[in-house]
Amino acid sequence: MNPVPLFFRLQTKQAMLMEPVRTDVLTVTPWLAPIVWEGTFDPQVIDEAFRSYNLTIATTVFAVGKYTCFLRDFLESAEKHFMVGLNVQYYVFTDMPSHVPISVTLGVGRRLNVVKVPKFDRWQEISLRRMELIQTAIEEYIHQRANYIFCLDVDMIFHGRVGPEALGKLVAAIHPWFYWVPRSQYPYERRTISKAYIPQDHGDFYYQANIFGGAVEDVHRLTKTCREHLEMDKSAGVEAVWQEESHLNWYLLKNKPTKLLSPEYVWDDLRGQGAKEIKLVRFSSVIKNKAEVRENP
């Protein structure tokens, strides 16, 4: 262990704050929220700072229908890279509990919880109902068991560290396909009839719904608002262009995230490895035949 006390090492880091750590990417938002990239934090200092807090991270993941086939790789890779050293409560929402790989070896302080959900008629319904189910889970039991919560997609794999550097009151991830394009090209919901509507000249970033999180109370507020807006849209006979992701982007435009995760934390394997600014892919969507895993049109 490094004999230099944490206090003095933090002072050293503080003295270097005015020195840019990455000049090739944006590392802070206009509202002064940090954007986490490789090279913008010291893993050892971060881990030491959080170790004494005995935090618990709730982690929701939906594995409905054929998507249960992604669960084992998701869980096994999470045990290698996700919030290592912290307490993690996985909540797997599934219509097929018997397909959950309970044989996956979990570390100390980590637990797998299976939550039964109904089978949905359309794959879009999973997206539309996710906010409601997470909100309900927070109200019924997660608020008593966790300090933070992350909501993740199951068809993804961890390749590198996703640790406490990702924690914050309200955390969002920048979409890997839209971080270099002007906001006029963001696929926001542009129809005024939808509660997810964002005008053409508005927007900060385009966030992906594959990973979002934060303090439990802040995520509860997010999911509750998105659920209400999804229900209003349904009553009006409209479905936002990207379902819950459209409503997530509306919410985060009105309620700025306190920390942003760079595309390292939500990469898409279809993009390949050619982006020079991506120094380390940490969490990515796996390449798949969507027609095979989406049972319904």
Side-chain angles (χ1 to χ4, degrees), residues 25-36 58 60 62 124 126-139 142-143 146-153 166-263 265-266:
V25 292
L26 186 67
T27 59
V28 65
T29 71
W31 60 94
L32 302 182
I35 304 175
V36 186
T60 67
F62 283 71
Q124 293 93 337
I126 301 169
S127 174
L128 294 167
R129 291 287 303 281
R130 186 161 76 135
M131 292 296 187
E132 172 193 349
L133 292 166
I134 294 172
Q135 177 201 343
T136 301
I138 290 174
E139 292 171 352
I142 290 178
H143 77 282
N147 308 99
Y148 292 91
I149 179 172
F150 269 95
C151 309
L152 310 177
D153 276 7
L167 297 177
K169 280 180 61 61
L170 187 59
V171 182
I174 302 173
H175 200 296
W177 287 96
F178 297 102
Y179 65 102
W180 281 125
V181 305
R183 66 184 179 187
S184 61
Q185 296 180 27
Y186 294 168
Y188 291 144
E189 174 55 67
R190 302 297 190 183
R191 295 171 296 171
T192 57
I193 191 174
S194 172
K195 293 294 291 184
Y197 166 67
I198 296 177
Q200 192 70 36
D201 58 343
H202 288 62
D204 302 314
F205 300 90
Y206 187 76
Y207 305 106
Q208 189 157 11
N210 289 11
I211 172 173
F212 63 92
V216 170
E217 60 271 22
D218 290 88
V219 176
H220 176 257
R221 193 175 300 114
L222 180 157
T223 54
K224 183 175 185 293
T225 301
C226 288
R227 173 192 181 177
E228 291 171 349
H229 286 189
L230 283 157
E231 290 177 347
M232 291 178 190
D233 271 10
K234 186 174 182 179
S235 296
V238 62
E239 186 174 291
V241 61
W242 291 110
Q243 295 89 35
E244 64 161 6
E245 187 169 273
S246 298
H247 290 274
L248 175 71
N249 273 274
W250 179 93
Y251 184 89
L252 294 171
L253 176 60
K254 304 297 182 180
N255 304 270
K256 307 296 188 192
T258 60
K259 181 174 289 184
L260 276 65
L261 304 180
S262 72
Y265 289 81
V266 65

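These values consider heavy atoms only, across backbone and side chains, with no hydrogens, waters or symmetry-generated copies.
With sequence neighbours excluded, the residues that form a side chain to side chain donor-acceptor pair (under 3.5 Å) with His220 are Glu139. Every residue two or more places apart in sequence or in another chain that forms a side chain to side chain donor-acceptor pair (under 3.5 Å) with Asp218 is listed here: Lys169, Arg221.
In this structure, Pro257 and Ala33 approach most closely via the heavy-atom pair O-CB, 3.6 Å. Taking each heavy atom of Tyr148 and Gly168 in turn, the nearest pair found is CE2-O, 3.5 Å. Between Phe150 and Ala166 the shortest heavy-atom distance is CZ-O, 3.4 Å. Across Cys151 and Val219, no two heavy atoms sit closer than the pair SG-CG1, 4.2 Å. Shown here for Ser262 and Val36, the closest heavy-atom pair between the two residues is OG-O, 2.8 Å.
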* side-chain contact (heavy atoms from CB on, under 4.5 Å) between Met131 and Leu222, intermediate numbers included -> CA-CA 8 Å; Met131 292 296 187; Leu222 180 157; 3.8 Å; yes

* Worked check of side-chain contact (heavy atoms from CB on, under 4.5 Å) between Leu261 and Val266 -> CA-CA 8 Å; Leu261 304 180; Val266 65; over 6 Å; no

* Derivation of the salt bridge (charged side-chain N to carboxylate O under 4.0 Å, His left out) call for Asp233 and Arg191 -> CA-CA 11 Å; Asp233 271 10; Arg191 295 171 296 171; over 6 Å; no

* To do: Give the intermediate values and the outcome of side-chain contact (heavy atoms from CB on, under 4.5 Å) for residues Tyr265 and Val171.
  => CA-CA 11 Å; Tyr265 289 81; Val171 182; over 6 Å; no

* To do: Apply ring pair (Phe, Tyr, Trp, His ring centres under 6.0 Å) to Tyr188 and Tyr206, showing your working.
  => CA-CA 8 Å; Tyr188 291 144; Tyr206 187 76; 5.7 Å; yes

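Using a distance-only test at 3.5 Å, with no hydrogens or angles considered, no donor-acceptor pair links the side chain of Trp242 to the main chain of Gln208. The main-chain N or O of Ile198 is never found under 3.5 Å from a side-chain atom of Glu189 such that the two would form a donor-acceptor pair.
Taking the side chain as every heavy atom from C-beta outward, Asp153 and Arg130 approach each other to under 4.5 Å. Contact annotation: the side chain of Leu253 approaches that of Asp204 to within less than 4.5 Å [non-hydrogen atoms, C-beta and beyond]. Using a 4.5 Å cut-off on side-chain heavy atoms (C-beta onward), Trp250 and Thr225 make contact. Taking the side chain as every heavy atom from C-beta outward, Ser194 and His247 approach each other to under 4.5 Å. The shortest side-chain heavy-atom distance between Glu245 and Asn249 falls under the 4.5 Å cut-off. Residues Ile134 and Ile149 have side chains in contact (heavy-atom distance under 4.5 Å, counting atoms from C-beta outward).
The line from CG of Leu248 to OG1 of Thr223 is 11.0 Å long, rounded to the nearest 0.5 Å. Here Cys226 contributes atom SG and Gln243 contributes atom CD; the two are 13.0 Å apart, rounded to the nearest 0.5 Å. Interatomic distance, CE of Met232 versus CG of Leu230, reported as 10.5 Å (0.5 Å rounding). How far CZ of Phe212 is from CD of Glu244: 6.0 Å, rounded to the nearest 0.5 Å. Distance OG1/Thr60 to CD1/Ile142: 6.5 Å, rounded to 0.5 Å. For the atom pair Glu132 CD and Arg227 CZ, the distance stands at 4.0 Å (nearest 0.5 Å).
Taking a 6.0 Å sphere around NE2 of His202, one finds it holds 12 or fewer heavy atoms contributed by other residues, nucleotides or ligands. For NZ of Lys259, the number of neighbouring non-hydrogen atoms (other residues, nucleotides, ligands) closer than 6.0 Å is greater than 12. Counting non-hydrogen atoms of neighbouring residues, nucleotides and ligands closer than 6.0 angstrom, the NZ atom of Lys256 exceeds 12 such neighbours.
The aromatic rings of Tyr207 and Phe205 sit tilted, their planes meeting at an angle between 30° and 60°.
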